[in-house]
Amino acid sequence: SVELLVACANELQKSSLSSFVPLNKWESFSSTGGFKLKNDKKIENFAYVDFKSISDDSFSVYWSMIEYTLKFARGNEPTDREKEVFRSDGKAVWTTSTHHSSMPPSEGLPLDEDDIRSNTNFFYLRIETENFLFYVMVNQLFTVVSETEPGNHLHSMFIKKNLIKNEGDHYCSAEDGKVWGNLCYKYNSAPSWKVPLQLLCLR
């Protein structure tokens, strides 16, 4: 997975730097554990990578990362249908943070394994179609994993968009707490998670 992510980052640097969307245009979205564009903006509002317009070689770089996550989520089943959908309808944008605001965005791309382990502070690649969402993200863990520096956390997700709920749909409401047997009944403290998210965490 590290090699696949590095390949995606290098492909972005080589041919798609314009698909960068500044970090301040995003906001965290707990329903997926990732980010979404602020103010209900869509990916089409930005200079996205259009998968139907890029070469087969370029597409294969992105698809390898998507397929890797998809197979972990559901097993070693054929992915031809999803590949065709992403080839014809896939769109990609990305963001990153750098240690100094004066640095160009490309400085935040994880271009080798050392960047993944230590040098990259944050990287987020979002790829979507009309019905599917994929993202891969690298960020620092807020735990002590070495004596000298933090460790980075890489995770990715592939999910059908119709399974993504609004933020409030994931938590117990006042009415939920009145229903006997409901996970949110007032004697239970656990939240009622209603969306089967497929998440792969790698370190």
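Note that the coordinates shown come from a computational prediction; the quantities given were computed from them, not determined experimentally. Hydrogens, waters and symmetry mates play no part in the numbers below; they use all other heavy atoms, side chains included.
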Report the residues that fulfil salt bridge (charged side-chain N to carboxylate O under 4.0 Å, His left out) with [X], sequence neighbours left out, ordered by chain and then residue number.
X      : result
Lys52  : Asp50
Glu113 : Arg117
Asp56  : Arg87
Asp112 : none

So which heavy atom on [X] is nearest to which on [Y], and how close?
X      : Y      : answer
Ser97  : Leu23  : CB-CD2, 3.9 Å
Pro110 : Phe123 : CD-CG, 3.7 Å
Ala92  : Ser19  : O-CB, 3.8 Å

Cluster link [X] to [Y], ILVMFWY, side chain under 4.5 Å:
X      : Y      : value
Leu109 : Val6   : yes
Val136 : Phe132 : yes
Leu12  : Tyr68  : yes
Trp63  : Leu125 : yes
Phe158 : Val61  : no

Set of residues satisfying side-chain contact (heavy atoms from CB on, under 4.5 Å) with respect to Ser55, sequence neighbours excluded:
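By the side-chain contact (heavy atoms from CB on, under 4.5 Å) rule, Ser55 matches Asp57, Ser58.
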
Step-by-step side chain to side chain contact (heavy atoms under 4.5 Å, CB included) determination, Phe122 to Val138:
CA-CA 5 Å; Phe122 176 80; Val138 177; over 6 Å; no

Got a sec: does the [atom1] of [X] have more than 12 other heavy atoms crowding it under 6.0 Å?
X     : atom1 : answer
Asp40 : CG    : no
Glu84 : CD    : no
Glu77 : CD    : yes
Lys71 : NZ    : yes

In the structure I gave you, are the side-chain heavy atoms of [X] and [Y] within less than 4.5 Å of one another anywhere?
X      : Y      : value
Glu67  : Leu4   : no
Ile164 : Leu133 : yes
Ser16  : Tyr62  : yes

Spell out, as yes or no, whether a donor-acceptor pair under 3.5 Å connects the side chain of [X] to the backbone of [Y].
X      : Y      : value
Asp115 : Leu111 : yes
Thr95  : Val21  : yes
Asn10  : Ala7   : no

Taking atom types as modelled and ignoring hydrogens, do the side chains of Asn131 and Lys161 form a donor-acceptor contact shorter than 3.5 angstrom?
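Not at all, the side chains of Asn131 and Lys161 share no donor-acceptor pair under 3.5 Å.
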
What orientation do His155 and Tyr135 show, parallel under 30°, tilted 30 to 60°, or perpendicular over 60°?
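Ring orientation of His155 relative to Tyr135: perpendicular.
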
Aromatic plane relationship, Phe51 with Phe59 - under 30° parallel, 30 to 60° tilted, over 60° perpendicular:
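Plane angle over 60°, so perpendicular.
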
Please identify which of these residues, Met65, Met157, Glu128, Arg126, meets the side-chain contact (heavy atoms from CB on, under 4.5 Å) condition with Phe134.
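When Met65, Met157, Glu128, Arg126 are each tested with Phe134, the side-chain contact (heavy atoms from CB on, under 4.5 Å) holds only for Met65.
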
Step by step, would you call Asn45 with Leu37 a side chain to side chain contact (heavy atoms under 4.5 Å, CB included)?
CA-CA 10 Å; Asn45 295 124; Leu37 294 162; over 6 Å; no

For Tyr124, which of Trp94, Phe20, Phe35 qualifies under ring-ring contact (aromatic ring centres under 6.0 Å, His included)?
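With Tyr124 as partner, Trp94, Phe20, Phe35 yield a single ring-ring contact (aromatic ring centres under 6.0 Å, His included), made by Phe35.
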
Side chain to side chain donor-acceptor pair (under 3.5 Å) partners for Lys38, two or more places apart:
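Checked Lys38 against side chain to side chain donor-acceptor pair (under 3.5 Å); zero matches.
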
For Phe86 and Leu70, what are the C-alpha separation, side-chain angles and deciding distance, and is it a side chain to side chain contact (heavy atoms under 4.5 Å, CB included)?
CA-CA 13 Å; Phe86 274 86; Leu70 178 57; over 6 Å; no

Interatomic spacing from CE in Met137 to OG1 in Thr32 - rounded to 0.5 Å:
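So the gap between those two atoms works out to 8.0 Å.
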
Roughly how far, to the nearest 0.5 Å, is the OH atom of Tyr48 from the NZ atom of Lys91?
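Atom-to-atom, Lys91:NZ and Tyr48:OH are 5.0 Å apart.
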
